[in-house]
Visitor: 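Mind looking over this structure? Questions follow.
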Amino acid sequence: MTLQQTLSIMKPDATRRNLTGKINAKIEDAGLRIIAQKRLCLSKEQAQKFYAVHAERSFFNDLCEYMISGPVVVQVLEGEDAVAKYREVMGATNPANAAEGTIRKEFAESIEANSVHGSDSEENAANEIAFFFSQIEIVG
Ligand code: CMP
């Protein structure tokens with residue numbers, strides 16, 4: 001077990017439906033600590049840069065448009081094995097495949113409007129955290 005940090009994004013479908021508190025409760029109930037958090041509106045350029053790894057995918061343009069359709073809440077989560085733990089708490093990308101009790105099972109509207117993003121590896125977590133936060137904003 002190692003203490004890790006991961007990046008979480010509450011997406012526009014979650015902020016629009018006033019679900020940020022309910023999602024934070026799931027995060028904290030799972031033992032993850034929210035050590036940085038801010039609400040912002042992504043620019044098109046920021047969304048494209050953040051999701052650049054998906055640039056060749058058919059859903060890329062729709063995904064970027066969706067991510068700028070309303071505010072998001074970006075967070076740094078810390079805990080034992082935080083990257084894998086948060087992926088468990090989120091559930092599968094497609095809510096139709098998400099396990100009972102997960103954020104996406106309870107709240108996601110579709111595979112695109114799936115309420116939350118979480119980093120998929122420790123290396124990507126470090127890059128994604130640096131994309132949104134400076135060290136002075138992260139208070140463990
Ligand atoms: P996320 O974990 O943020 O990573 C990429 C996002 O693309 C994903 O969640 C979904 O919101 C979105 N997406 C839309 N369509 C698909 C798809 N067919 N497969 C995977 N991700 C998709």
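Counting convention: from 1, in listed order, for ligands and their atoms alike. The figures here come from the full heavy-atom set of this structure, side chains too, leaving out hydrogens, waters and symmetry mates.
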Visitor: Side chains of Gln4 and Glu80: do they bring a donor and an acceptor to under 3.5 Å?
Guide: no

Visitor: Taking 4.0 angstrom as the limit, do Glu78 and Arg33 come out as a salt bridge?
Guide: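 Not counted as a salt bridge, because no side-chain N and carboxylate O are separated by less than 4.0 Å.
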
Visitor: In terms of atom number and element, which parts of ligand 1 are under 4.0 angstrom from non-hydrogen atoms of Lys11?
Guide: 1 (P), 3 (O), 8 (C), 9 (O), 10 (C), 11 (O)

Visitor: Purely on distance, is any nitrogen or oxygen of Thr93 under 3.5 Å from one on ligand 1?
Guide: no

Visitor: Flag this pair as yes if the NZ/CZ of Lys38 is under 6.0 angstrom from the six-membered ring centre of Phe133 and inside a 45 degree cone about the axis; otherwise no.
Guide: yes

Visitor: Please identify which atoms of ligand 1 are closer than 4.0 Å to at least one heavy atom of Glu112.
Guide: 11 (O), 14 (C)

Visitor: For Tyr51, state whether at least one heavy atom is located under 4.0 Å from any atom of ligand 1.
Guide: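 Yes, that is the case, since the closest heavy atom of the residue is under 4.0 Å from the ligand.
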
Visitor: What protein heavy atom sits nearest atom 21 (N) of ligand 1, and how far away is it?
Guide: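 Heavy-atom neighbour on the protein nearest atom 21 (N) of ligand 1: Phe59 CZ, 3.6 Å.
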
Visitor: Should Lys22 and Glu106 count as an ion pair when the cut-off is N to O under 4.0 Å?
Guide: no

Visitor: Check each atom of ligand 1 against the heavy atoms of Arg104 and keep those under 4.0 Å away; list them by number with element.
Guide: 2 (O)

Visitor: Using a strict 4.0 Å threshold on nitrogen-to-oxygen distance, state whether Arg16 and Glu109 make a salt bridge.
Guide: yes

Visitor: For a quick test of reading the model, state the closest non-hydrogen atom pair linking His117 to Tyr86 and the distance between them.
Guide: O-CE2, 3.6 Å

Visitor: Checking a contact table here: which protein heavy atom is nearest atom 12 (C) of ligand 1, and how many Å away?
Guide: Leu63 CD1, 3.7 Å

Visitor: Mark up the atoms of ligand 1 that fall under 4.0 Å of a heavy atom belonging to His54, in ascending order.
Guide: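 Every atom of ligand 1 under 4.0 Å from some heavy atom of His54: 4 (O), 5 (C).
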
Visitor: Checking side-chain polar atoms at under 3.5 Å, does Asn124 have a donor or acceptor matched by the opposite partner on Ser119?
Guide: no

Visitor: Specify side chain, backbone, both or neither for Met67, according to which of its non-hydrogen atoms lie closer than 4.0 Å to ligand 1.
Guide: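 No part of Met67 comes within reach of ligand 1.
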
Visitor: Starting from atom 10 (C) of ligand 1, which protein heavy atom do you reach first, and at what distance in Å?
Guide: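 Going atom by atom, the protein heavy atom closest to atom 10 (C) of ligand 1 ends up being Ile111 O, 3.1 Å.
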
